[in-house]
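Inspection log for the structure reproduced underneath, given as structure tokens.
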Amino acid sequence: MSQNHLYLVDGSGYIFRAYHQLPPLTNKHGQPVGAVYGYTTMLWKLAEELGKAEGPTHLAVVLDKGSHTFRNDMYDQYKANRPPPPEDLVPQFPMIRDATRAFSLPCIEEEGFEADDIIASYTKAAVAQGWHVTIVSSDKDLMQLIQPGVDMYDTMKNERRGPDYVVGKFGVTPDKLGDVLALMGDSVDNVPGVPGIGPKTAAKLITDYGSLEAALEAAPSMKKSKMQENLIAHADMARLSRRLVTLHDAMDLPEPLEDFSLKGIPTEPLQAFLEHHGFRSLLTRLGAPAAAVAVATAAAAMTEATPPPKPQVAPEPPIDRSLYETVVTEDALDRWIAAAHAEGVVAVDTETDMLDCVSCALVGISFAVGPNAACYIPVGHGGRDMFAERPAQLPKELVLAKLKPLLEDDSVLKVGQNLKYDLTVLRRHGIDIAPYDDTIVMSFDLDAGQSLAGHGMDEAAKVHLDHVCISFKDVTGTGKSQISFAEVPLDKATEYAAEDADVTLRLWKLFKNRVANEGATRIYELVDRPLVSVIARMEHEGIKVDREALSRLSAEFTAGIAALETEIHALAGQPFAIGSTQQLGAILFDKLGYKGGRKGKSGAYSTDVNMLEQLKAQGAEIAGKVLDWRQLSKLKSTYTDALQAQINKDSGRVHTSYSLSGAQTGRLSSTDPNLQNIPIRTEVGRQIRHAFVAEPGNVILAADYSQIELRLAAHMADVPALKEAFANGEDIHAATAQQLFGEVNRDTRGRAKTINFAILYGISRWGLAARLEIGADEAQDMISRYYERFPGISLYITETIEKARSRGYTETLFGRKTWFPRIKAPVQHERQGAERAAINAPIQGTSADIIKRAMARMGPALEREGLENVKMLLQVHDELVFELPEADVDAASTVIRHVMESAAEPLVKLSVPLGVEIGFGASWGAAH
DNA sequence: ACCCTCACG
DNA sequence: GACGTACGTGAGGGTA
């Protein structure tokens, strides 16, 4: 060996670059691995240099450790501006070490020193012994080290860099680079430098005067200029900067140079690593046996960046229910658990005796580890009925004890369809399923708005697998003869339950690839998937409802309704069903002769609020009474009565169910009961909110985003006037009124508010005209004026529609797609409807993304502050409702406000602040 | 199963 | 020149 050549790899610097340059890939375990993949290919590339003329004889990877270094002691602002690393990069840091170990390469990191200092020290030591050194990095600070025998290698650009490169880029030789960097400063690392001096001026000064110190000394005698003044004023900062950019090259070497000797890369640990992540193309190049690669491919359905390889596996066999197994022995159970471990991914589905996941009992669990490789483990069949024959099955406790390690194993991905249900059921048995994927959420993130794709399993199986699932009704029957799943015979139950798991796994493989290939990773991994377990907890928590209060209200409403009914019948001159629009229409228009038109194809009279308000204005007393009657009936039937029936017998609380795939825009929806439409707008309705109460000693706290959609519209359409108003904390509707009408009063503010909302919803002159009770021409003038005052808005609208038309979908700031198949409909009003929805979707959707991120982060944030008694209970689109001990209100408010206001970051940087209003009290009503 | 109406953001 | 629409939901009651 004539010449030793040391390669020093700047690992920390590399992964940031890899992260930003590569698409956000995930491996089969659902972990983000884009940067790891880039890092692995980089090491691979270096390994291939082995034995070449300029290749390494010695190699070490150098990483940063900890965040505090001697530079922080020198200057407490050092790197203080640096944003935290992206959240999907954080989990990749430890994987970088795994990758390095997989290549059997030494990895050096030292507390208190940056990777740059370690590299400088090793470089110095190696040069002293006459070695050549190549620094694998593109960091400009490290370029100071370039000298005869030392060069740099940028693997991404495939470029080797010597002194000429530095001269070309910075105008000075590497030995003067530190002086130039000190003058320039660095906003990322927060090296102050001298204001107003950039690379060009810095290079000129150093070239002219020879060094930083010489330039600073000469400053007073330079020609008077802003630059000269700054140079004098900030001389101390320049000297500090010089020390900050100086590399520390005299540290004790943690390991001797000789230990970095490199002979070759053993395939053993590397292959295991590549298989774990499913890095297919590298596996192939490693020369792994073809069979092993195929297995890894089939199991992993891996998603690599370039190029998307054609699946090399045979198409999956059709579903064959006869292959499913009913697990009733311990041996069989162990076998399935082992298979799941071996596969690394398993589809899971739980069967219960009723739908209510707070009170239901576990009846059985099904698994699938491959096509047709599915089983059902009954644990509660015939359970509740003491007289029914109980089929032979394993004890529930034993099964759960055996499954717990698998379901909580980090290295086995659990896949479910609508997993929040299973999460709740199993959490009641002390099992926290993780990590997980949810196929309903994946489907939604891929296909929201696509009219063909239903996200429920039966529909998804039909659409994507062309398979008709056994329906739940087929096994349990319907109506009066319906039986509980616990009473279904085991053979039938196995066919149904195992098929669910089998189908789920098949769908997952399909969706997993699509999520990566269709750009849905960001929204899925960083917004929706983390939310599943959060929602499960909220649903399980429920909210306390004061039954007596509701019952009192119910009685009041009943009396009011009865009184109104008598009056209405008297005014009508006959009794009739007031709730029947048909009968009401006949009374109003035929019998009493008020004027009003027939409506559309149904031929029925319109009797909605607008019509009744109009009649009332004409002096029809009956119309006002009907409106009052309707309000009270609505409140009674939908709220006071129905809500009492929804109070859970076991918990005494109301547990709503949130749908993660309910609204096309990405919003949640709430059912059984819907707790997102509890009255608030009228005084009488608001009383219902007062029945949502806290436990004794606790309070209800409500935190609302203020005007979030308008703020987002201002940001997304880039409207300076609106952004400024929000930045200054102005009343946005008043500000709009000022812009549009030149003066602010009750009337103009109200009209401005209407127009602001019209913008969010996709405006038409007729719609606005109807709302403002003005002519369409006048409405059109107003819209034109709005566009004039707030440019950007009309551009946003035309661009959004254009994008929806050309690509078929719109996107939120977080990349959530909503599809609009009707955007090209030949029927005009259908098309225009789709256009209005397309205008609204990015705004409403981004707002939904933001609050979802706040929800996902809320639990950990509260926990960090020791606030584990603060429970998040409800979400109402722009509001989060909590229950908490009264003593925690102040501390919790701080955390909640911060989490909500910063929820977009760091993925999205908004140019408007997000405002949050917080209130609390004994009830939800009192919290507003 | 569908329409109408109306509760919410 | 008209389409009596604003965007997104879920629930209850009446009707067929």
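Proteins get letters first, then strands, A, B, ... in listed order; numbering begins at 1 in each. Just so you know, these numbers use all the heavy atoms, side chains as well, and skip hydrogens, waters and symmetry mates. Keep in mind it's a predicted model, so treat the numbers as computed, not measured.
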Exercise for the section: Would you kindly give the CH2-to-P distance between A/Trp766 and C/dC7, to the nearest whole Å? Expected result: 14 Å
Fill in the blank from the handout: Whole-Å distance, A/Leu874 CG to C/dT9 P, equals 20 Å
Practice task
Between A/Gln614 and A/Phe820, just flag the one whose closest nucleotide in DNA chain C comes earlier from the 5' side.
Solution key: A/Gln614
Practice task
Could you state the atom-to-atom distance from CG of A/Leu675 to C1' of B/dG9 in whole Å?
Solution key: 14 Å
Practice task
Assign A/Thr754 to base, sugar-phosphate, or nothing according to its heavy-atom contacts below 4.0 angstrom with the strands shown.
Solution key: base
Completion exercise
Testing C/dG8, B/dC6, C/dG12 for proximity to the side chain of A/Thr665, the answer is C/dG8
Exercise for the section: For A/Leu760, answer base if it contacts any base atom (sugar-phosphate contacts may also be present), sugar-phosphate if it contacts only those atoms, and nothing otherwise; contact means non-hydrogen atoms under 4.0 Å. Expected result: nothing
Problem - Nearest-nucleotide pick for A/Pro679, side chain only, options being C/dG8, C/dG13, B/dA7 - result: B/dA7
Practice task
Would you kindly give the NZ-to-P distance between A/Lys634 and B/dT5, to the nearest whole Å?
Solution key: 12 Å
Handout entry: Sugar-phosphate only, base, or nothing, as touched by A/Ile843 at under 4.0 Å among non-hydrogen atoms
Key = nothing
Fill in the blank from the handout: Value for CD1 (A/Ile896) from CG (A/Leu701), rounded to nearest 0.5 Å, stands at 5.0 Å
Practice task
For A/Gln631 and A/Thr682, test the side chains for any donor-to-acceptor distance below 3.5 angstrom and give the result as yes or no.
Solution key: yes
Exercise for the section: Whole angstrom is fine here: how far is it from OH in A/Tyr761 over to C1' in C/dT5? Expected result: 14 Å
Practice task
Consider only side-chain N and O atoms of A/Arg711 and A/Ser706, and report whether a donor and an acceptor are under 3.5 Å apart.
Solution key: yes
Exercise for the section: Measure from the side chain of A/Arg771, starting at C-beta and using heavy atoms only, and say which of C/dG4, C/dA6, B/dC8 lies closest. Expected result: C/dA6
Practice task
Could you tell me which nucleotide pairs with C/dC3 by Watson-Crick or G-U wobble geometry, both distances under 3.5 Å, or answer none if nothing does?
Solution key: none
Practice task
Ignoring backbone atoms, establish whether A/Ser580 has a side-chain N or O less than 4.0 Å from OP1 or OP2 of C/dT15.
Solution key: yes
Practice task
Pick base, sugar-phosphate or nothing for A/Ala848, based on heavy-atom distances below 4.0 Å to the nucleic acid.
Solution key: nothing
Exercise for the section: Mind checking A/Asn677 for me? I need base, sugar-phosphate or nothing, with any heavy atom below 4.0 Å counting as a touch. Expected result: base
Problem - Nucleotide of C/dA6, C/dG10, B/dG9 approaching A/Arg681 most closely (side-chain heavy atoms) - result: B/dG9
Fill in the blank from the handout: From CD of A/Gln582 across to P of B/dC3 the rounded distance in Å is 14 Å
Completion exercise
Regarding the side chain of A/Ser764, the nearest nucleotide among C/dA6, C/dT5, C/dT15 is C/dT5
Exercise for the section: Please work out which of the three classes, parallel, tilted or perpendicular, describes the rings of A/Phe757 and A/His733, given edges at 30° and 60°. Expected result: tilted
Practice task
Could you tell me whether A/Asp672 contacts a base, only the sugar-phosphate backbone, or nothing, with contacts defined as non-hydrogen atoms closer than 4.0 Å?
Solution key: sugar-phosphate
Practice task
Could you give the distance separating B/dC6 and C/dT5 at their P atoms, to the nearest angstrom?
Solution key: 16 Å
Problem - Proximal nucleotide (of C/dG12, C/dG8, B/dC6) relative to the A/Gln664 side chain - result: C/dG8
Exercise for the section: Provide, to the nearest angstrom, the distance between the CD1 atom belonging to A/Ile839 and the C1' atom belonging to C/dT5. Expected result: 13 Å
Practice task
Round to a whole Å and report the spacing from CD of A/Gln828 to C1' of C/dT5.
Solution key: 13 Å
Problem - Which nucleotide in C/dG8, B/dC6, C/dA11 has an atom nearest any side-chain atom of A/Arg630 - result: B/dC6
Practice task
Consider only side-chain N and O atoms of A/Tyr796 and A/Asp718, and report whether a donor and an acceptor are under 3.5 Å apart.
Solution key: no
Handout entry: A/Ala663 side chain, from C-beta outward: closest of C/dT9, B/dC8, C/dG10
Key = C/dT9
Practice task
May I ask you to evaluate whether A/Arg667 reaches the phosphate of C/dG8, defined as a side-chain N or O under 4.0 Å from OP1 or OP2?
Solution key: no
Handout entry: Base-pairing assignment for C/dT15 (Watson-Crick or G-U wobble, both under 3.5 Å)
Key = B/dA1
Problem - Check: A/Lys420 side chain, A/Tyr658 main-chain N or O, donor-acceptor pair, under 3.5 Å - result: yes
Fill in the blank from the handout: Quick note, A/Thr607 side chain, CB onward, closest among B/dT5, C/dA2, C/dA11 is B/dT5
Practice task
Answer with yes or no whether the side chains of A/Asp438 and A/Tyr524 bring together a donor and an acceptor at under 3.5 Å.
Solution key: no
Practice task
May I ask you to say what A/Ser847 touches in the nucleic acid, namely base, sugar-phosphate or nothing, with a heavy-atom cut-off under 4.0 Å?
Solution key: nothing
Problem - N/O (side chain, A/Gln583) to phosphate O (OP1/OP2, C/dT15) under 4.0 Å - result: yes
Practice task
Could you tell me whether the side chain of A/Asp474 and the main chain of A/Ser471 form a donor-acceptor pair under 3.5 Å?
Solution key: yes
Practice task
Could you work out the separation of B/dG9 and C/dG4 based on their C1' atoms and round it to a whole Å?
Solution key: 25 Å
Completion exercise
Assert: residue with more 5' nearest nucleotide on DNA chain C, out of A/Ala837 and A/His829, is A/His829
Exercise for the section: Rounded to whole angstrom, note down the P distance from B/dC8 over to C/dC3. Expected result: 32 Å
Exercise for the section: Consider the side chain of A/Asp878, meaning its heavy atoms from C-beta on, and name the nucleotide among B/dG9, C/dG4, C/dG10 that approaches it most closely. Expected result: B/dG9
